[in-house]
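Notes follow the structure.
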2 protein chains.
Amino acid sequence: MLLHLPLDGQGPLHAQLTRALRTAMLEGRLVEGERLPATRLLARELGLSRNTVLEAYEQLQAEGCVQARVGAGSFVAPGVLAASAPVAAVPAAIEAVPAPSAFAARARRFHDHASIPGRTMPGMRHAFQYGVPMANATLTSDWARALSRAANHAAPSYPPVQGLPALREAICGYLSRRRGVQVAPADVLVVNGTQQAIALTARVLLDPGATALVEEPQYFAIREVLQIHGAELRTAPVDGSGLVVDAIDLPAPRLMCVTPSHQFPTGALMSLERRRQLLDLAARQGSWIFEDDYDGEFRYDARPLAALRSLDRDDRVIYVGSFSKLMFPALRLGYLVMPRALARDFINAKWADDFGSPAIEQLALAGFIADGGFERHLRRTAKALRARRDALLEALRRRLGARLAIEDSRAGMHLVAWLRDADHAGCEALVARAAGHGLALYPITPFYLRRPPRPGLLMGFAGMPLKDIGPAVSLLARCMDEVLPAPRG
Amino acid sequence: MLLHLPLDGQGPLHAQLTRALRTAMLEGRLVEGERLPATRLLARELGLSRNTVLEAYEQLQAEGCVQARVGAGSFVAPGVLAASAPVAAVPAAIEAVPAPSAFAARARRFHDHASIPGRTMPGMRHAFQYGVPMANATLTSDWARALSRAANHAAPSYPPVQGLPALREAICGYLSRRRGVQVAPADVLVVNGTQQAIALTARVLLDPGATALVEEPQYFAIREVLQIHGAELRTAPVDGSGLVVDAIDLPAPRLMCVTPSHQFPTGALMSLERRRQLLDLAARQGSWIFEDDYDGEFRYDARPLAALRSLDRDDRVIYVGSFSKLMFPALRLGYLVMPRALARDFINAKWADDFGSPAIEQLALAGFIADGGFERHLRRTAKALRARRDALLEALRRRLGARLAIEDSRAGMHLVAWLRDADHAGCEALVARAAGHGLALYPITPFYLRRPPRPGLLMGFAGMPLKDIGPAVSLLARCMDEVLPAPRG
């Protein structure tokens, strides 16, 4: 054997041989100045054609690893040896490495990727998981068709940073018809979901140390993005009329993040009075409002409510909608209605982030909205969600009325169930026991910055098939009986 | 007429009426405490069914704009008046508004959205535009099919932040077969193109004021993203062997951005010697290297060259590839090979940015790579690009050999043509004259931080059909004859 040159079986033979020779150099089995085997010999040895060997040698020569000398053969080039030092030890525990920037340090501190609230628990029979979409074969096939059509029509070049005009127009029509928001396509920025909306907002509005308000309780991801961007976080409580505006300390925070049409997670609807108060406060203090209308579409007692943005006379509201909840989260598309005074800054920030969202999915969505498919889907989904919610409420009241206080907002894809006769330790024991029985439960604790007043569960119902709701509630009841004291009264 | 209530014709009648009534309140035509017309009367007046009017009133009641009093009718609720103040004047010139954050201020200063270099000029017959993809009917139909298949198979829930495992595996296989880079799926982060790769890198590595190096000349968008993130920018020159590493001032910048396999825009190939020097410098000084392998696939003289990352023994190289150049820019997908020590920080930053890239396009791309379609596409494209490059070189040498010094890198999708007998003013005059004749030319100036040593053109040929190359070069020759002095010699 001339040289140990194991081929890895991937791709063309000349490329395999090139890699094997390069590895031999890096590992020091072929050293600087050494003559490579004659091509004819090596070809015979390895059972390859001579052309294959020649091609590998030429490639290594082009890379500068090999030098050919006329009449003398090919030699390992100077410099190859230096690169063949053993790989430096990579730290096993990343915690041992100091964070490379203040941003990275804050991300490590405020975001624990291993324990995102509400994530899928493996091996469960039933899950009251929030944020999962309803399985929907009609939407899947409609969307596959829309994508395929769009792929044949979308321009292949860079899409406009702000979003395709066709999609921005379709969004304006939808907002006008369904959400009472009258805006022009020039006001709309297409983004990759609510997460990008809050990240861009943080970069555009908040220098490190600037104040930002979240409702208490709140959606954890918005809170963490603000913290990661160095915001000084404030909170104000929520009651049955939404955010308690009077409880906001003055001077008002630079940015106030709210969920007026369906407070997350309590489900409260912000009253007109509070909306007016909040807008007044923002106008007076020069604050900005981030209105997260994440699921305002799905109401079961009235038409969808008009958004805060539709009452805004002072250009202070950043209105944000997402197709994650309305269609499915794998899509990663949403939009942001920009205050005019910030439009240029938002478009700059989007440019600096990713040049714009993918064109084919934008065009598919524009078509899906324009041809009425999207709103048909919303009607079908609202009907199915309502059936699941009714079944869940009925089962919870019948089986667990004495143990649970249910916060039902007549809207959305989840409800909050407070445990009447348990403390936080009892709630943790319940969640653990339920997991043991194949039932995934989600405590409300991660959605509070401070400890919630009492233990509770965030119960998502969009992902649970109607027929499973009864059995899942029975299982919940069994777990409560096993773990918690008997209910009073 | 009871009240002027113009319906806007969009969507269901009750929603139109709700909007019209809301507008009347906001405009002060219906004031606080005023009684709304009786439903029966209003229905008759407007020619609507009474149910439609009832539905609108109920909606306004749910919104808190209207109060119903039993037996007395419906009244405009208190608080509506306050919201009906005229819209505050939105500043006409955004320049008058101070930037809302240091990030936004830097974005205004360093990024001029209206003049992105290389953008499409409207109404041109021919364009030597860089960054446009080759028109490709096979790719379009292959991709439409891949998308449609993926839409039927992708999980609808949130994709993994780091990217679909199937795509990360496919990328590793591709990198091993074609680029000599051996990495594991755990090292790969799927991103929305090179722009997101540099933005994440800036946030993970650079506090404001940290030093970052770009080659001079360089790709303008990477330079601007670094500036927008507050980096203190350094440059080092490029010669025929790539970045002149010896010219980097010590201490070395924290981040060094390079294009070793095909320097952008000059086309230089970084020598093995320089690669080793750069890796040594980074290891010694604790710097990080951003290796932008934007079009290393397309070489016309040898197999594609092995990447810098494949020589990296010290875990200092962030290797970045994009499918914008290899497929089409509308796709917005790329990847980043993370140093192990930074992996957690990169994944956190991606989470904070958008939760992860769209799942369906990721799955479609994974399939396209795994089934060999992607590499077949690369071979077809390389062949077609080579034909265009050969035709362009031939035409330029024949028609304009005396006027142009051509920097041909035997790779990529562009070349650089230096003007022999013109100054910068002459070049500007040439570009203007050419535009007047329907020929889009792109000066090299925006790719230099300082003024380039002599005037030149960046000539992209991927977007120009083969048959147009001769006519376009003839037109260029005519414009040069009209605008520039006769060539010497």
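Numbered from 1 within each chain, the chains take letters A, B, ... in sequence-line order. These numbers come from a predicted model, not from an experiment. Values reported hereafter were calculated over all heavy atoms of this structure, with side chains retained and with hydrogens, waters and symmetry mates removed.
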Set out, in order, the CA-CA distance, both residues' side-chain angles and the distance that settles side-chain contact (heavy atoms from CB on, under 4.5 Å) for A:I360 and B:E361, then state yes or no. CA-CA 9 Å; A:I360 293 175; B:E361 302 215 313; 4.0 Å; yes
With a 4.5 angstrom heavy-atom cut-off, could you sort out which part of B:S271 is near chain A: side chain, backbone, both or neither? neither
Look at B:H229, B:M327, B:R254, B:E375 and state which one has the largest set of heavy-atom pairs under 4.5 Å with chain A. B:R254
Roughly how far, to the nearest 0.5 Å, is the OG1 atom of B:T120 from the OH atom of A:Y158? 11.0 Å
What residue in B:N152, B:N136, B:L331 has the most heavy-atom pairs under 4.5 Å with chain A? B:N152
Is chain A contacted by the side chain of B:L147, its backbone, both, or neither, given a heavy-atom distance below 4.5 Å? both
Which one, A:P358, A:A359, A:A197, leads in non-hydrogen pairs under 4.5 Å with chain B? A:P358
Side chain, backbone, both or neither of B:A102 within contact of chain A (heavy atoms, under 4.5 Å): both
So what's closer than 4.5 Å to chain A heavy atoms on B:A221: side chain, backbone, both or neither? both
Rounded to the nearest 0.5 Å, how far does CZ of B:F355 lie from CG of A:N192? 12.0 Å
Find the one option among B:S148, B:A210, B:P156, B:A349 whose heavy-atom pairs under 4.5 Å with chain A are most numerous. B:P156
Tell me whether B:S101 contacts the main-chain N or O of A:R203 through its side chain, where contact means a donor paired with an acceptor under 3.5 Å. yes
State the CG-CG distance between A:D354 and B:L333, to the nearest 0.5 angstrom. 11.0 Å
What verdict does the side-chain contact (heavy atoms from CB on, under 4.5 Å) test give for A:I228 and B:W351, after you've listed the backbone C-alpha separation in whole Å, the side-chain angles of each residue and the deciding distance to 0.1 Å? CA-CA 11 Å; A:I228 290 171; B:W351 178 87; 4.1 Å; yes
Pair B:R332-A:Q362, side-chain contact (heavy atoms from CB on, under 4.5 Å): steps then yes or no: CA-CA 12 Å; B:R332 313 310 310 126; A:Q362 287 191 65; over 6 Å; no
Give the member of B:A199, B:P159, B:A352 that has the highest number of heavy-atom pairs under 4.5 Å with chain A. B:A352
If you count heavy-atom pairs under 4.5 Å with chain B, which of A:F103, A:F346, A:W288, A:W143 comes out on top? A:F103
Largest heavy-atom contact set with chain A, pairs under 4.5 Å, which of B:A107, B:P208, B:A202: B:A107
Take B:F110 and A:N348 through the side-chain contact (heavy atoms from CB on, under 4.5 Å) test and state the conclusion after the steps. CA-CA 10 Å; B:F110 294 113; A:N348 280 348; over 6 Å; no
Against chain A, work out which of B:P329, B:P339, B:S357 has the most heavy-atom pairs shorter than 4.5 Å and name it. B:P329
Rounding to 0.5 Å, atoms CG (B:L60) and CG (A:L272) come to a distance of 10.5 Å
Tell me, for B:R149 versus chain A, whether the close heavy atoms (under 4.5 Å) come from the side chain, the backbone, both or neither. neither
To the nearest 0.5 Å, atom CG of A:D353 lies from atom CG of B:L200 at 7.5 Å
Cut-off 4.5 Å, heavy atoms of chain A, and the answer for B:P133 is side chain
